[in-house]
2 protein chains.
Amino acid sequence: MSNPSTTVSTRPPLGCAAVMMQVLRGELRERELPFTHQREAIAQILFESTRHLSADDVAAALRQRGEHAGKATVYRTLALLVELGLATEHDFDEGFKRYETQVGAAQHDHLICTECGRVSTFHHPELDRVLAEVATENGFETITRQVKVFGTCSESAACRDAQRAYREAGPTS
Amino acid sequence: MSNPSTTVSTRPPLGCAAVMMQVLRGELRERELPFTHQREAIAQILFESTRHLSADDVAAALRQRGEHAGKATVYRTLALLVELGLATEHDFDEGFKRYETQVGAAQHDHLICTECGRVSTFHHPELDRVLAEVATENGFETITRQVKVFGTCSESAACRDAQRAYREAGPTS
DNA sequence: AGCGGATTGAGAACCGGTCTCGGAACCGAT
DNA sequence: ATCGGTTCCGAGACCGGTTCTCAATCCGCT
């Protein structure tokens, strides 16, 4: 942070979280919004996590670090991060939302195991192409998209069992 | 319904709703679940509609027909229809769910206008292929999927304005 | 008609999520 | 450092969709 002038691109990992935090700081300044302790703490939690966190998860993580932020603040901050494009909101049909760091423009989609709850991500370039095609065909200007595939994964024995059971029951739809 | 033995396939339209109702009756019998008046009325509403109905919409439609069913019953019945594969549940980020008849296996996806709220559907065969590919690549057995594209449509002037505004603001993500 | 079991309905409970508003923190300028 | 205006924060009330409760009722069958 102190003398980045000479080297052009290579630098120690520094951590995605730290970079994201710098970006957040910049975005806030640009909008003349204060960089408060709470915003920092909540963003930190999200940036350091590789999982999809619920508002409750964030509050719990804060507590664990001896920090604290009101419910409203947690929600407000998460909404802010989404608005700034630094996080994305997901709904895995659990009755509440989950949030995740949005690193750059890399759009990715989800496979959700209905058996164990694991959420894995994938990115398929053709998907981008097809959906862009659909949008233009329909005179639609895409803002964002959600592609969710629900089913059973093959991670654990229980999931594989369910997978087999489902396959045998026959694909109804 | 009375003598379907001789003719093989042609028959008067009969209405998709009536067919669906027959299917429902069969599914319930198969599971030894009673075919109650409320279940029939609620299913009727859904089967006859081509739109995505909320639980509230269903209750309102019932009232309009001089029928009535308790809130709990409406929710329970909609959940039942989903479980039987006769309806699908959708979440268009409105804070509540919507339901729609699921006719056969025709999977279709949605374009949701964030400006006017219109929901249009599309079906793109390549999408099926790509998602099937992704699933097998990941050892995943698909049960169902949801593809939602949020953006602005070009139906009304207001939407077109928003569309232009968004395009000019530049695609952030 | 009668029986056993599942469904129904009114309202309470539940639960994410939002709103309110007095007090505290932030930021830029002094 | 400090000051002032603006914004944010937090505790809790509130909201609205959905689920739960349980006695009364209905369904399907004999």
Whole angstrom is fine here: how far is it from CG in A:L78 over to C1' in D:dC9? 15 Å
Produce the list of close N/O pairs, under 3.5 Å, pairing protein atoms with atoms of nucleotides 14-17 of chain C; give distances to one decimal.
from	atom 1	to	atom 2	distance (Å)
C:dG17	OP1	A:K97	N	2.8
C:dG17	OP2	A:Y75	OH	2.9
C:dG17	O6	A:K71	NZ	3.0

The correct set of residues in residues 60-69 of chain B placing a heavy atom under 4.0 Å from DNA chain C is B:H68, B:A69
Would you mind reading off the distance between B:E32 atom CD and C:dG4 atom P, rounded to a whole angstrom? 17 Å
Rounded off to whole Å, could you give me the CG-to-C1' distance for the B:L24 and D:dC27 pair? 15 Å
Please work out which residues in residues 35-42 of chain A have a non-hydrogen atom less than 4.0 Å from an atom of DNA chain D and list them by number. A:T36, A:Q38, A:R39
Could you say whether B:A72 or B:P34 is positioned toward the 5' end of DNA chain C, judged by the nucleotide with the nearest heavy atom to each? B:P34
Could you state the CZ-P distance from B:R76 to C:dG9, rounded to the nearest angstrom? 8 Å
Nearest-Å distance for atom pair CG/C1', residues A:L33 and C:dA25: 14 Å
Atom CD of A:Q64 with >12 non-hydrogen neighbours under 6.0 angstrom: no
Indicate yes or no for a side-chain donor-acceptor contact from A:T88 to the backbone of A:Q102 under 3.5 Å, with no hydrogens or angles considered. no
Would you confirm whether the ring centroid of A:F92 sits within less than 6.0 angstrom of the ring centroid of A:H90? yes
Take atom CG of B:D57 and atom C1' of D:dG16, then tell me their distance rounded to the nearest Å. 15 Å
Between P on D:dT7 and CG on A:L80, what's the gap in Å once rounded to a whole number? 14 Å
Taking C-beta and beyond as the side chain, do B:Y99 and B:I45 meet within less than 4.5 Å on heavy atoms? no
Is the ring pair A:H108/A:H110 parallel, tilted or perpendicular, if the boundaries are 30 and 60 degrees? perpendicular
Do A:D93 and B:Q146 make a side-chain contact, defined as non-hydrogen atoms from C-beta onward lying under 4.5 Å apart? yes
To the nearest angstrom, how far is A:R31 atom CZ from C:dC27 atom P? 16 Å
